[in-house]
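Presented below is the structure to which this report refers.
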Amino acid sequence: MNDLNKIEEVANYIVADGKGILAADESNPTCGKRFDSIGVESNEENRRDYREMLFRSEGMKGNIGGVILFDETIRQAAEDGTPLVNVILDQGALPGIKVDQGLKPIGDSEESLTQGLEGLDERLKEYYSLGAKFTKWRAVIKVGDSLPSEEAVTSNMNALAEYAKLVQENNMVPMVEPEVLMDGNHSIDQCFEATSRSLECLFNLLDEKGVNIKATILKPNMVTSGSESQNKATVDEVANQTIRCLKMYVPDDLPGVTFLSGGQSDLDSTAHLDAMNKIGGFSWKLSFSYGRALQQPALKAWMGKKENAALAQEALSHRAHMNRLASEGAWSASLEN
Ligand code: 13P
């Protein structure tokens with residue numbers, strides 16, 4: 001890990017051998033929602049305790065190559081004083097940081113443009129000095145009858161490309177996350193179209209701005225039907241449509257595609273990833289960068305109580321292991337028991 005001098009090597013390290021990413025970069029309000037669901041107060045200490053517990057899980061080793069942090073967490077120390085960044089490194093994973101600053105509505109529409117380019121260069125320099133090796137920026141694309149608009153796609157993909165260029169100039173690997181939301185009753189075909197438009201625009205702009213694709217990680221949504229759709233796509237449909245879409249737009253020399261879970265259940269996220277890797281026929285590593293789908297069982301087991309830590313760690317370790325197997329197309333439902 002110490003000889004990861006080039007950003008290409010960092011990108012390859014994160015997704016080597018089926019490893020994926022633990023997304024633990026919930027903003028304080030989002031973390032508050034997660035903690036509300038188990039009746040735990042979201043304060044700085046509880047957020048630290050929860051994340052320290054996750055990062056110390058046995059199953060981080062060999063299954064997780066990177067952890068995405070929120071601004072507060074990259075500055076925090078564990079209970080014994082060890083910086084959390086070092087706890088992560090000791091598990092063989094690289095620390096990353098979310099650098100976007102959330103969404104702002106476009107005019108009075110229901111679409112949004114991700115903020116955070118202002119002052120980004122200075123923030124990146126600080127994050128690098130705090131140990132970050134990679135970064136994340138999330139753009140959000142909404143599907144609807146006449147959505148996404150051309151403006152939402154173009155302005156969001158342009159911000160992603162500008163961000164990626166600046167991150168590489170600061171010696172870190174950019175994760176680019178153009179998330180087409182599952183929210184809504186749209187069909188899998190509508191998701192395919194919105195995802196296609198976003199990826200086509202994104203890779204054109206990355207190329208135009210001279211972003212080094214070999215040192216970039218893509219964090220996309222899977223191509224699925226909307227979460228309220230009456231006609232839910234099967235695992236095989238999701239796997240086939242997602243691969244078809246990625247193959248149309250993602251350059252062969254991109255090292256890794258690490259999916260977000262986006263509200264899919266933990267088991268669906270694993271089954272979809274496994275099905276895609278069983279199909280194969282692409283050059284990139286196809287792996288995971290899950291937030292909810294990795295953490296949900298651990299959060300439920302924890303309930304804010306120290307005495308539940310071992311059970312919660314087992315739950316995270318299990319999901320990390322299952323998803324690593326899925327990244328190699330080696331998972332089966334029977335391994336879940
Ligand atoms: P989910 O896997 O919960 O969608 O979170 C991943 C993430 O980092 C969203 O930006």
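Start at 1 and go down the list; that is how both ligands and their atoms are numbered. All of these numbers come straight from a predicted model, not from anything done at the bench.
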Mind jotting down which protein residues get a heavy-atom contact under 4.0 Å with ligand 1? Chain and number order, please. A23, D25, K136, R138, E177, K219, L260, S261, G262, S289, Y290, G291, R292
Partners of Y127 by ring pair (Phe, Tyr, Trp, His ring centres under 6.0 Å), sequence neighbours excluded? none
Establish, yes or no, whether the cationic atom of R319 lies under 6.0 Å from the six-membered ring centre of Y290 and within 45° of the ring axis. no
Is there a donor-acceptor contact under 3.5 Å linking the side chains of E118 and Q101? no
Applying ring pair (Phe, Tyr, Trp, His ring centres under 6.0 Å) to F134 and not counting sequence neighbours gives none
Donor-acceptor list for residues 201-213 side chains, cut-off 3.5 Å, not counting sequence neighbours:
unit_1 : atom_1 : unit_2 : atom_2 : d
N204   : ND2    : E200   : O      : 3.3
K209   : NZ     : N158   : OD1    : 3.3
N212   : OD1    : K214   : N      : 2.9
N212   : ND2    : E8     : OE2    : 2.9

Please say whether the positively charged group of K19, taken as NZ for Lys or CZ for Arg, lies over the ring of Y13, i.e. under 6.0 angstrom from the six-membered ring centre and within 45 degrees of the axis. yes
